[in-house]
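To start, the structure itself, in structure tokens.
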Amino acid sequence: MVAIKKVVLYIIPIVVMILLLILYPGTFSKIKGAVNETGKYVSFGVTEELGAKPTIPEAHQKALDKLLQTMKEMRDSKVNNCFANYGGLPPLGEKGTSFVFLYDPQKDATVVSVKGGKEGAQEVASYELERIKPCVIAGGNIPNNFYYSFLFPKTSNVNGDYHQSVSSVILKFEAPYFGANKNVIRVGIPDVDEESDNFEDQGWLFTPDNKNICFFPTSYGACEPESDGLQRRCFINHPLGSYSIPELVGRDKLQLCNKEKGFDWIEAVLFSSGQGTGVVRDICPVGSSCQTYQGRCNTVFSEYKFGRGERGNCLLLAYVEDEGCGYAGVKPGSTIKYLNSDIKIDHDYVFGENDKVSVVEKLEGLITVGTDKTETHYTCSNNGLWYATTFSSRPESYRPNWCDDQYDNDGDGKKDCYDSDCFSSQYCNENGERGISKSPEFCFDNVNNDGDYRLNGENEKEYLTDCKDPDCEGIVYEKDEIQVFEEDGKKKMTSVKNKWVCENGEAIEVLYEGPALGTEEEITDEETTLEASE
Amino acid sequence: MKFSSNFSKKAMATGMLVAIIISIVAFVLIVRLMSIYNEKGEEKQVVAICKDSVALRAATALNVAGAEFKTVPTLCKTIDKKISGDKEKIQKQIAESMVTCWQMFGEGRYKSNIFEGISIFATDAKCFTCYTLLIDESRDFKAASPGITSFEFHDFLRKEKLSKIKQLYLDYFQFGGGPGTVIGFLSSEGIKPGRAYAVAYKAKAEAKGAMFLDEFVDYAFSDKPSASIDSIMLVDISRNSPQDQELSNAFFKHCSLVTDIAGGGGN
């Protein structure tokens, strides 16, 4: 009975299914379709994901490399209370890249942890900066003391420290609300950390002692100190920011940690067309991120590829108010004063944004040397960079031959061609070493040592080698020779003196002064032996 | 004859005594070995049960129009463990505990929070303490010695490889399975004997419960633990000083602890 029940229970469903398939063809596929359809909305099992090695964008890595390099250079500099510019950071992105600086007192080093990857929370890489401790110019009265120590010196307003060591600095991106999507700095100081958009440092760093490397949290405003940091215009060369860091660095009022790096370009701003007064407004240290005057010529200058020529001309940018932007290549040795009321420019030679013709020859007439001994001058060196010197810092009797006397004439610890004051001297080449084309031996060696050339009538380069180079005009070259010869079985020697001079592009042989030509002396055995041993 | 009879009786008694002593010693040794094995075995058993229950929970989760329903309970229990050794050994043991904990909860592979029964409801950050580790003093590492700093331990994770898989610890946690991070909350004492540490797994969740404990800690591996990624954590849970107490209270306050099957842990 039980067995029959079981058989019936199995058979009935089978028969029903067969009947359905016969009577309603396609039912099964419809059922299958319906089940598959529900599969889109219903599934089993938690979705899994695989991890991937975390990375950060290349632009962020490059910016970090520059930052770390700058910090190391500041540590290795011998200059205290100095500034450097690492070029700034690009927007790091929300849940993107962040840089965490943590000081390890045991190792006396700062560990830099680079975060990125998923949610920006994974460690991508880490670096160790030995003998470096992070600090900030922020918190309490620190910005005020810094401002009145360096930007607007007034000792009566200084009360206490002008920098503050911190155990951690975090650089990251925050987007708390529309319009505030910017990089921020977090340092464990409540005043600083509660601010959004507080890292507009334009790439500037400061070190008081080559160990503490200070970041600049910023606040909004012209250029005044606030407890959460200096206002942002202190970092821009803006007309309202008269005491801005870039301006004061450019005027040699604040020290760069690596002064030898020089300035990549300077910008002259002229306030009326035709003949008018002008100022050197923007001075950009090599490797820094800089703006042109009010940013008006940024696009124009970045588009131009300025050929400095083989001699290494320096870049002078020019902005004429209401006229436009232009640029010039200035020859090494040229000097321009910071406030140069003698700047004259024919506005026909300053072109608008779409013009790409250089005005090298025309603007050279602008370059004059002022007599104000307290004002900063910029000199174009042989390596295509400008160097600033405050005129008063030069010795009263500064003379060009002080660059060739093996002596530290101005007491700055550097001799001759190692001193940036000598970079434009005739005795120094673009590598900061002695010897350029103006030295006698370079005017008579049949080599175009400095790469000078001129364009001939067919617009072809005509290289100026030796006396053809106007730099060699009037250079005298003397050469003594000892000639040994045999006559009648005896060895004889004679001294011969040769002398040439460059005149009108030609090497002219001049009869020498000294012993008579062809004087002969007999060489004894003793002299021969001595010569052999030498 | 009498003499030899007495001698043989004594010899037999001595022999029996020696045999009894050897038996007792052997018994003690065997029991000790078995208990050690049993402890390890017990730990392995706990780990295996938890791991399998998590895997089963994940595998049987029902997805209906974007909502996930997990019905199988996790059978996980916090393991209390004592460790000792020199600094290198201690770091190794802690790291291996972190690896085991990470493996118990799927190595970060699960896209959703494994603790949430129904995914559509907002969640706090949820953590489970896999291990509480108590560091015993040893000859090479005393309580009075300087502790292992957070910098040192983080460096260890960066440079040392797992025992079985030849991958750096940090790489393994970050992308060996699914994506993950390592979070450390250590006091200025660092890692040293006489202190206790929790190895915890923190599941991904939306940002509500994100922690920011820099004001309490000497060093945190992560400046602000991100909520949307699984993490393996090492937390100093010692309560030797008021500052310690603040640290561990703050951690437990901000991270909702999931209770274990024995009813331990939890907020």
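Heavy-atom basis, side chains included; hydrogens, waters and symmetry copies ignored. So that the names make sense, note that chain A is the first sequence line, chain B the second, and so on, each numbered from 1. Nothing here was measured: the structure is a model prediction, and the numbers come from that model.
Residues of residues 53-70 of chain A that come closer than 4.5 Å to chain B, counting heavy atoms only, are Lys53(A), Pro54(A), ordered by residue number.
When side chains are defined from C-beta on, Val99(B) counts as touching Phe173(B), because their heavy atoms get closer than 4.5 Å.
One side chain, Tyr172(B) or Gln103(B), offers a donor N or O that lies under 3.5 Å from an acceptor on the other. In the model, Gln122(A) has no side-chain atom that pairs as donor or acceptor with a side-chain atom of Thr181(B) under 3.5 Å.
Heavy-atom distances place both the backbone and the side chain of Ala58(B) under 4.5 Å from chain A. If you measure heavy-atom distances from Glu107(B) to chain A, you find no contacts under 4.5 Å at all.
Residues passing the salt bridge (charged side-chain N to carboxylate O under 4.0 Å, His left out) test with Lys192(B), sequence neighbours excluded: Glu189(B).
Listed options Lys107(A), Gln106(A), Glu49(A), Arg186(A) were ranked by heavy-atom pairs under 4.5 angstrom with chain B; first place goes to Glu49(A).
Ring pair Tyr197(B)/Phe185(B): centre-to-centre distance not below 6.0 Å. In this structure, the ring of Phe105(B) has its center no less than 6.0 angstrom from the ring center of Tyr110(B).
Atom OG of Ser196(A) and atom CG of Asn183(A) lie 12.0 Å apart (nearest 0.5 Å).
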